[in-house]
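Each ligand, and each atom within it, is numbered from 1 in the order the structure gives. Here the structure is a predicted model, which is why all the values come from computation and not from measurement. Positions are given from 1, in the same order as the sequence printed here.
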Amino acid sequence: MMEIQEIEEILQQKQNPHRYRHTIGVRYTSICLAMRYGEDLTRASYAGLLHDCAKHMSNEKLLAKCCEHHLTVSEVEEKNPFLLHGRVGAWLAEHKYGITDPEILGAIEWHTTGRPDMTLLEKIVFTADYIEPGRDQAPNLVELRRLAFTDIDQAVCAILKQTLDYLRDQGGEIDPATEVTYNYYLQKCAENTEG
Ligand code: DGI
Ligand code: FE
Ligand code: FE
């Protein structure tokens with residue numbers, strides 16, 4: 001596994017200053033959530049730092065990487081290849097940055113759509129990506145940031161709802177993974193409040 005500092009130097013070269021600041025924001029927000037929920041801080045640090053390590057790639061390059069390395073591409077992903085930056089990022093994390101921990105790789109792979117029954121680390125990176133301090137566009141950030149440190153399942157659910165609302169409003173094509181994940185966490189949170 002490559003040292004954190006070495007990965008930081010590589011990503012700073014590859015990413016524009018805005019994206020790199022987001023990357024560092026997600027790294028530290030993931031660490032904070034790991035402190036809150038009892039996840040390993042080093043794993044959170046690597047997963048947060050590497051989550052967008054394929055974000056600088058063009059749509060063509062993402063599709064080419066998937067083809068080259070035999071990574072799955074769904075119909076929706078073929079039409080919206082930016083959705084693949086998590087899967088390609090997980091591949092890079094393993095083969096270029098030497099990450100072997102499957103949970104770190106999963107947190108990178110699933111950070112955009114989420115997936116039902118995420119691991120704690122996956123929920124941490126998914127949430128940190130949305131609430132890191134540099135984010136300022138999404139609605140309800142004050143409430144979401146509070147919720148993230150109160151009940152992470154509810155935070156995941158609220159983030160997915162806002163993402164789906166945003167996509168419907170903008171006419172973005174909804175990946176079934178996003179919808180399935182939302183329904184899963186909606187039901188999970190309803191069960192919890194029923195006691
Ligand atoms: O890579 P980042 O910009 O930091 O964040 P991200 O990986 O969560 O990607 C954010 C974008 O992904 C945001 O514009 C919403 C979009 N997204 C999430 N789920 C879906 C989606 N876009 C489409 N078309 N369909 C989805 O299901
Ligand atoms: Fe991303
Ligand atoms: Fe991100």
Side-chain angles (χ1 to χ4, degrees), residues 7-8 11-12 14-33 44-59 61-63 65-66 71-93 97 104-116 118 121-141 144-145 148 152 155-186:
I7 299 176
E8 278 185 353
L11 292 178
Q12 190 161 20
K14 290 199 177 292
Q15 298 178 335
N16 68 40
H18 183 263
R19 176 62 48 187
Y20 185 66
R21 276 183 51 194
H22 164 72
T23 290
I24 298 303
V26 174
R27 176 178 171 222
Y28 282 107
T29 304
S30 296
I31 291 173
C32 292
L33 289 167
S45 179
Y46 274 99
L49 181 62
L50 283 164
H51 84 285
D52 273 340
C53 72
K55 184 80 179 185
H56 62 283
M57 292 184 182
S58 66
N59 285 342
K61 187 154 181 191
L62 287 168
L63 284 167
K65 286 280 172 199
C66 286
L71 307 176
T72 62
V73 180
S74 70
E75 246 174 72
V76 177
E77 288 165 342
E78 201 172 329
K79 282 188 275 171
N80 305 272
F82 71 92
L83 289 167
L84 292 165
H85 75 271
R87 186 161 306 130
V88 174
W91 188 92
L92 283 177
Y97 299 100
I104 297 177
L105 299 174
I108 299 168
E109 173 160 9
W110 296 106
H111 82 267
T112 302
T113 60
R115 66 179 178 110
M118 283 187 274
L121 188 64
E122 287 169 352
K123 290 189 281 194
I124 283 174
V125 173
F126 179 84
T127 303
D129 191 24
Y130 205 83
I131 66 160
E132 63 93 1
R135 291 276 199 214
D136 57 5
Q137 300 293 316
N140 307 319
L141 277 171
L144 282 176
R145 286 175 174 138
I152 198 160
V156 165
C157 192
I159 290 166
L160 285 160
K161 181 175 189 324
Q162 286 193 187
T163 299
L164 288 167
D165 285 349
Y166 169 81
L167 289 169
R168 288 196 184 99
D169 187 61
Q170 300 285 311
E173 187 174 9
I174 290 168
D175 189 319
T178 309
E179 197 134 47
V180 168
T181 308
Y182 173 59
N183 290 332
Y184 175 90
Y185 282 96
L186 195 61

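- Among protein heavy atoms, the minimum distance from atom 15 (C) of ligand 1 is reached at Thr163 CG2, 4.3 Å.
- Taking every heavy atom of His111 and a limit of under 4.0 angstrom, the matching atoms of ligand 1 come to 7 (O).
- Within 6.0 Å of CD in Glu173 there are more than 12 heavy atoms belonging to other residues, nucleotides or ligands.
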Run the side chain to side chain contact (heavy atoms under 4.5 Å, CB included) check on Val88 and Lys61 step by step: do they pass?
-> CA-CA 10 Å; Val88 174; Lys61 187 154 181 191; over 6 Å; no

Glu77/Leu62 under side chain to side chain contact (heavy atoms under 4.5 Å, CB included): CA gap, chis, key distance, verdict | CA-CA 10 Å; Glu77 288 165 342; Leu62 287 168; over 6 Å; no

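- Under the 4.0 Å distance rule, the nearest protein heavy atom to atom 13 (C) of ligand 1 falls outside the cut-off.
- For Arg135, every heavy-atom contact with ligand 1 shorter than 4.0 Å involves the side chain, none the backbone.
- You'll find the side chain of Arg19 stays beyond 4.5 Å of the side chain of His56, heavy atoms only.
- Arg145 places a side-chain N or O within 3.5 Å of a backbone atom of Glu132 that can act as its donor or acceptor partner.
- Residue Phe82 touches ligand 1 through its side chain alone, judged by heavy-atom distances below 4.0 Å.
- Here atom 5 (O) of ligand 1 lies nearest to Asp129 when heavy atoms of Val26, Leu167, Ile159, Asp129 are compared.
- The CG atom of Leu92 sits 6.5 Å away from atom OH of Tyr97, with the distance rounded to the nearest 0.5 Å.
- Between His85 and Thr112, some side-chain heavy-atom pair lies under the 4.5 Å cut-off.
- The backbone and the side chain of Asp175 each have at least one atom closer than 4.0 Å to an atom of ligand 1 (non-hydrogen atoms only).
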Stepwise, does the side chain to side chain contact (heavy atoms under 4.5 Å, CB included) test hold for Gln137 with Tyr166?
-> CA-CA 11 Å; Gln137 300 293 316; Tyr166 169 81; over 6 Å; no

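- If you look at Glu179 next to ligand 1, there are no close heavy atoms at all, none under 4.0 Å.
- The shortest contact between atom 7 (O) of ligand 1 and any protein heavy atom is with Thr112 OG1, 2.7 Å.
- Within ligand 1, the atoms closer than 4.0 Å to a non-hydrogen atom of Ile174 are 25 (N), 27 (O), numbered from 1 in the order shown.
- With a heavy-atom cut-off of 4.0 Å, Val76 does not touch ligand 1 at all.
- Arg135 places a side-chain N or O within donor-acceptor distance of the main-chain N or O of Asp129, the cut-off being under 3.5 Å.
- Set against the non-hydrogen atoms of His22, the atoms of ligand 1 under 4.0 Å away are 4 (O).
- Close contacts between ligand 1 and His85 involve ligand atoms 1 (O), 7 (O) [criterion: under 4.0 Å to a heavy atom].
- Checked by atom type, the side-chain pair Gln162/Asn140 shows a donor-acceptor distance below 3.5 Å.
- You'll find the side chain of Leu121 reaches within 4.5 Å of the side chain of Ile104, heavy atoms only.
- In terms of N/O distances under 3.5 Å, ligand 1 is not approached by His51.
- In this structure the side chain of Arg87 reaches within 4.5 angstrom of the side chain of Trp110, judged on heavy atoms.
- Of all the heavy atoms in Ile124 and Ser30, the pair that sits closest is CG2-O, 3.5 Å.
- Looking only at side-chain heavy atoms (C-beta outward), Phe126 and Thr181 stay at 4.5 Å or farther from each other.
- At under 3.5 Å, a nitrogen or oxygen of Arg19, whether backbone or side chain, sits near a nitrogen or oxygen of ligand 1.
- Atom 23 (C) of ligand 1 has its closest protein heavy atom at Glu173 O, 3.1 Å.
- Closer than 2.8 Å to the Fe ion (ligand 2) sit the protein N, O or S atoms Asp52 OD1, His85 NE2, His111 NE2.
- Taking 4.5 Å as the limit, every side-chain heavy atom of Val26 sits out of range of all side-chain heavy atoms of Asp52.
- Of the polar atoms of Lys55, at least one N or O is found under 3.5 Å from an N or O of ligand 1, judged by distance alone.
- Contact annotation for atom 20 (C) of ligand 1: protein present (non-hydrogen atoms, distance under 4.0 Å).
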